[in-house]
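Just so we're clear, the structure is a prediction, and the values are computed from it rather than from any experiment. To find a chain, count down the sequence lines: A is the first, B the second, and so on, and within it residues start at 1.
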Number of protein chains: 2
Amino acid sequence: MSDLPAALEIVGKRWALLIVEKLLEGPQRYGDLQRDLGVPTNMLATRLRELEAAGVLRRLPLRHNTRAYALTDRGLALGDAITALARWGSDKS
Amino acid sequence: MSDLPAALEIVGKRWALLIVEKLLEGPQRYGDLQRDLGVPTNMLATRLRELEAAGVLRRLPLRHNTRAYALTDRGLALGDAITALARWGSDKS
DNA sequence: ACGCGGCACTTGTATTTTGCAAGTGTGACG
DNA sequence: CGTCACACTTGCAAAATACAAGTGCCGCGT
C-alpha cells in the first residue's frame, strides 16, 4: 500500500529534496547549504525545522554557535527516490 | 551527471506527481483527475498544460468536447521515481 | 576589557503560487 | 430550442515563497 501523498507532505515542498540530496554527501552546516543551494535563509530555516520534525534529519552540535545537519536512517532511505528522480531529470530521451 | 533541479522544475510543483501517478493507471479524463485527486480545477488545467509542454503527457481527443490525458514515454519513465517515493512514504521504519 | 567577525538564524515586507467560487463555450441529445 | 455534461477560464482571497535587513551568541585578537 503505497502512499505518495504522505511522502509529498514531507518532501514535496520547495527545496526539501534539494536539501536532502546535499546531505547525502554528508553532514553539512547551515551556511554550506545556503551557499551551495542558493536557498533563501528563512526558507532554509523553515525546511530544516520541518525535516527534523519529520525525522528525516537531526542537528549535531559542533561548537558554540555552530552545528551540522545530518540525515537519519529515514532520511538516507530517500536516496533511492532522489537518484531515480535525478536520473529522470538528466535523461533527455 | 544527475540533475535533480531539472526534474523538480517539471514535476516538483504541487499536484504534478499526483497527476502523473494517476495517469500510470491509464489515460484519464479531466473530470476523473479532478474528482479522484481533489485538485482545484484551475491548478489542474495549469499543471496539465505544463506537463504537456514538458513532454510528460499528451492530449487524446475522444469526442466533441471530451479528451483524455495519457503519459508519453517520458512520462512513463517517472514510474520508478514515483514508486520509490511512494514506498518511502508508506515505510514507517 | 572591548570591539570585531563569523555563524545561525529572525523579522518585516513584496511577490508569486495556490485555493475557492462562479462563470463561459461547445456540441450532443431530447 | 432548451438543457446538460464536459473542459475549462476568470476574479479574488489566502498562503507560500523571496528578498533585504537585523539580532544574539561566543570566540579571538588587541
Within this structure, what is the CE-to-P distance between B/Met43 and D/dT9, rounded to whole angstrom?
12 Å
Looking at B/Trp88 and A/Gly75, would you say the former's side chain and the latter's main chain have a donor-acceptor pair under 3.5 Å?
no
For B/Arg67, report the nucleic acid contact type (base, sugar-phosphate, nothing); a contact means any heavy atom under 4.0 Å.
sugar-phosphate
Protein-nucleotide distance (B/Arg59, atom CZ; D/dC6, atom P), rounded to Å:
17 Å
Measure from CG on A/Asn42 to C1' on C/dT13 and round the result to the nearest Å.
11 Å
Between C/dT18 atom C1' and B/Ile19 atom CD1, what is the distance in whole Å?
13 Å
Counting only side-chain heavy atoms from C-beta out, which of C/dT10, D/dA18, D/dC8 sits nearest to A/Thr41?
C/dT10
Hey, mind stepping through B/Leu57 and B/Val20 against side-chain contact (heavy atoms from CB on, under 4.5 Å) and telling me if it holds?
CA-CA 8 Å; B/Leu57 55 82; B/Val20 174; 5.8 Å; no
Look at the side chain of B/His64 and decide which nucleotide, out of C/dG27, D/dC6, C/dA8, has an atom nearest to it.
C/dG27
From the set D/dC8, D/dC6, D/dA18, return the single nucleotide nearest to any side-chain atom of B/Tyr69.
D/dC8
A/Glu50 and A/Arg47: salt bridge (Lys or Arg N to Asp or Glu O under 4.0 Å), yes or no, with the steps?
CA-CA 5 Å; A/Glu50 293 168 347; A/Arg47 289 293 172 272; 3.0 Å; yes
For the side chain of A/Trp15, counting heavy atoms from C-beta on, which of C/dG19, D/dT9, D/dA18 is nearest?
D/dA18
Under a 3.5 Å distance rule, please check whether B/Arg67 uses its side chain to pair with a backbone N or O of B/Tyr30 as donor and acceptor.
no
Residue B/Tyr30, side-chain heavy atoms: nucleotide from D/dC8, D/dA5, D/dT17 that is nearest:
D/dC8
Does a side-chain N or O of A/Arg14 approach OP1 or OP2 of D/dA18 to a distance below 4.0 Å, or not?
yes
In whole angstroms, the gap separating P of C/dT17 from CZ of B/Arg49 amounts to 13 Å
Looking only at side-chain N and O atoms, does B/Arg47 come under 4.0 Å of OP1 or OP2 in C/dT18?
yes
What is the separation between atom CG on B/Leu8 and atom C1' on C/dT17, rounded to the nearest whole Å?
17 Å
Nearest whole Å is fine: how far is C/dT16 P from B/Lys13 NZ?
13 Å
Hey, are the side chains of B/Tyr69 and B/Arg29 touching, using non-hydrogen atoms and a 4.5 Å cut-off?
no
Nearest whole angstrom, please: distance from the C1' of C/dT24 to the CG of B/Asn65.
13 Å
Using heavy atoms to find the nearest nucleotide of DNA chain D for B/Thr46 and B/Arg35 separately, return the residue whose nucleotide is more 5′.
B/Arg35
